[in-house]
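Inspection log for the structure reproduced underneath, given as structure tokens.
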There are 2 protein chains.
Amino acid sequence: MGRNKEFDTTVVLRKAMEVFGHYGYEGTSLQMLLDGLGIARQSLYDTYGTKKDLFISAVKHYTNEKSAAVVTRLDRPGSVKAAITDIFREIAAALKDEVRRKECFIMHSAIDQVPHVPEIAAFFEQDASRLEEAFYQALVRAYKQGELSDRHNDLRALARYLNHSRYSLTQAAKLTSDPKVLDDIVKVTLSALDS
Amino acid sequence: MGRNKEFDTTVVLRKAMEVFGHYGYEGTSLQMLLDGLGIARQSLYDTYGTKKDLFISAVKHYTNEKSAAVVTRLDRPGSVKAAITDIFREIAAALKDEVRRKECFIMHSAIDQVPHVPEIAAFFEQDASRLEEAFYQALVRAYKQGELSDRHNDLRALARYLNHSRYSLTQAAKLTSDPKVLDDIVKVTLSALDS
DNA sequence: TTTATTCTTGACTAAATGGTCTGAAAAAGA
DNA sequence: TCTTTTTCAGACCATTTAGTCAAGAATAAA
């Protein structure tokens, strides 16, 4: 009973990532949001709650999606180095794609709000520890499989570094439009795994 | 002739870095600025111009100061690896210091504004190329001095990576309060220079 | 003293802000 | 048909925004 929603809530959420990613949380006005999402003001409030609620939903949705993909790739049997290489190449590819890169920048806006929105701070703390653990377990497996040399004596540090590097690529993309710079950064980042 | 300024303009600029760094450019209201700087509204406009003018001044002042220190350290004769290690350890030290870290976060707010303030975009483009070149020249010297192995066959990429890593540390600091995480990231980052 | 500059305080404005409320049309199931 | 829900449009509101103007007091050089 009752009329159905006319818009796909996750599609609209994706548009919200783009708007928030481009203008930041505070830099995005309600009007920009309405224009960007293509829905009426009341629909926004009915569906997502306040501007802050929508922002939090968008951040969580984006992060969960990306993190899940990373964890899945890390857990797949086979070469761990190949998995990590895939993960970083995929990020670089997304950031080089004129369309796909837009939503990635919500990460930057989200990190902005970490000191001011406790829910976001808690969420990222949880996400970071989850990802760090996934990288760590993968590295342990890599070591057992003989993919790492004795040079890599601190797998915990390496896991933290990889997760940080993953996050930081969007910052690099915001500072340069040259795809070669991005490739160079990824290349050297991955060289931390070389023997 | 005429009354002298009662406040040190660069000291106040430093306070502006802290306020803008904590709340972001859009998240900072004029009232926050007045409270944080401890000067009257009219003094702000007389001395720095608009809010945006003040922001740009703060960003440039901070960046120039940091960049100059890095270039100076890189140009000093002796071990290049030691210089780079020093540079990163200094950043980590600043980010771990309860007081000093505050102004560092203006970097994050500045990067936020890159797509919206052409003057900031141009400034960072210039700063990045200057720093990249400084790192590159230092790496060439390192190679000549026998500090690098044949593994490091792309010094341009390495230079870009180092400059990016420098920038990205403030992002890492925003996401974690654990100083060990920061140390781990620096440690692995620097391992890119190992043979 | 005269003149020029800076200081502080406070009033003021025009615009934009996020958010609420109302009302009516549209659509879908009971 | 009746009920429920969604959608859109627009009015509305209290608050906040960045920025300006004015006026008087303080200070310092000419």
Side-chain angles (χ1 to χ4, degrees), chain A residues 1-59 106 109-110 112-113 115-120, chain B residues 1-59 106 109-110 112-113 115-120:
Chain A
M1 48 177 135
R3 183 175 175 173
N4 290 341
K5 271 219 183 308
E6 279 197 355
F7 54 90
D8 184 331
T9 58
T10 71
V11 167
V12 172
L13 215 51
R14 215 171 280 288
K15 291 181 185 170
M17 295 172 197
E18 296 184 9
V19 179
F20 279 129
H22 189 63
Y23 297 103
Y25 173 69
E26 325 253 13
T28 300
S29 74
L30 218 36
Q31 196 52 53
M32 292 170 176
L33 234 25
L34 299 181
D35 294 344
L37 306 194
I39 62 175
R41 175 175 291 231
Q42 203 56 33
S43 300
L44 189 158
Y45 279 93
D46 288 343
T47 310
Y48 303 101
T50 67
K51 178 187 170 188
K52 183 179 284 187
D53 292 333
L54 171 59
F55 180 71
I56 293 174
S57 296
V59 169
I106 198 180
S109 309
D112 240 16
Q113 295 302 311
H116 308 107
V117 184
E119 190 172 347
I120 292 199
Chain B
M1 47 176 135
R3 183 175 175 174
N4 290 342
K5 271 217 184 311
E6 281 198 353
F7 55 89
D8 184 330
T9 57
T10 71
V11 168
V12 171
L13 216 50
R14 216 171 279 286
K15 291 180 185 171
M17 295 171 196
E18 297 183 8
V19 179
F20 279 129
H22 189 62
Y23 298 104
Y25 173 69
E26 324 254 13
T28 300
S29 74
L30 217 39
Q31 195 53 53
M32 291 170 176
L33 234 26
L34 300 181
D35 294 345
L37 305 193
I39 63 175
R41 173 175 294 232
Q42 203 55 33
S43 301
L44 189 158
Y45 280 94
D46 288 344
T47 310
Y48 303 101
T50 67
K51 178 189 169 187
K52 182 179 281 188
D53 292 333
L54 172 59
F55 180 72
I56 293 174
S57 296
V59 168
I106 198 180
S109 309
D112 242 15
Q113 297 302 312
H116 309 106
V117 184
E119 190 172 348
I120 292 200

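Since this is a predicted model, take the numbers as computed values, not measurements. Reminder, nothing fancy here: chain letters follow the sequence lines and each chain counts from 1.
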| note | note: A:L34, atom CG; C:dA16, atom C1'; distance rounded to Å ~ 14 Å
| request: Answer yes or no: is there a donor N or O on one side and an acceptor on the other, between the side chain of A:S57 and the main chain of A:D53, under 3.5 Å? | output: yes
| said: Does a side-chain N or O of A:T47 approach OP1 or OP2 of D:dT6 to a distance below 4.0 Å, or not? | reply: no
| Below 4.0 angstrom from OP1 or OP2 of C:dT6, is there any side-chain N or O of B:S43? | no
| remark: Of A:L34, A:D35, A:I39, the one forming a side-chain contact (heavy atoms from CB on, under 4.5 Å) with A:L37 is A:I39
| Side-chain donor or acceptor of B:R41 under 3.5 Å from a matching atom on the base of C:dG10? | no
| To the nearest Å, how far apart are B:Y45 OH and C:dT13 C1'? | 13 Å
| Rounded to whole angstrom units, what separation is found between the CD atom of A:E26 and the P atom of D:dT16? | 15 Å
| request: Would you sort out whether A:K51 and A:F55 count as a side chain to side chain contact (heavy atoms under 4.5 Å, CB included), showing the intermediate values? | output: CA-CA 6 Å; A:K51 178 187 170 188; A:F55 180 71; 5.8 Å; no
| Position toward the 5' end of DNA chain D (nearest nucleotide), B:Y25 or A:G38 | A:G38
| field | Proximity to the side chain of B:F7 - top-ranked nucleotide from C:dC7, C:dT8, C:dG18 | value | C:dC7
| query | So, A:K15 side chain and A:G38 main chain: donor-acceptor pair closer than 3.5 Å or not? | reply | no
| Separation of C:dG10 P from B:Q31 CD (nearest whole Å) | 12 Å
| Please give, in whole Å, the distance from C:dG10 C1' to B:L30 CG? | 15 Å
| task | Could you give me the CA-CA distance, side-chain angles and deciding distance for B:L13 and B:Y48, then say whether side chain to side chain contact (heavy atoms under 4.5 Å, CB included) is met? | result | CA-CA 9 Å; B:L13 216 50; B:Y48 303 101; 3.7 Å; yes
| task | Please check the phosphate of C:dT17 (OP1 and OP2 only) for any side-chain N or O of A:S29 closer than 4.0 Å. | result | yes
| request: Round to the nearest Å and state the distance from A:D46 atom CG to D:dT4 atom P. | output: 17 Å
| field | Interatomic distance where OH belongs to B:Y23 and P belongs to D:dT16 [whole Å] | value | 15 Å
| remark: Checking D:dC8, D:dG19, C:dG18 against the side chain of A:I39 (C-beta onward), the nearest is D:dC8
| said: Tell me if the side-chain of A:Q42 makes a donor-acceptor pair with the base of C:dC21, cut-off 3.5 Å, by modelled atom types. | reply: yes
| said: Using whole Å, what does the distance between atom P of nucleotide D:dA18 and atom CG of B:D53 come to? | reply: 14 Å
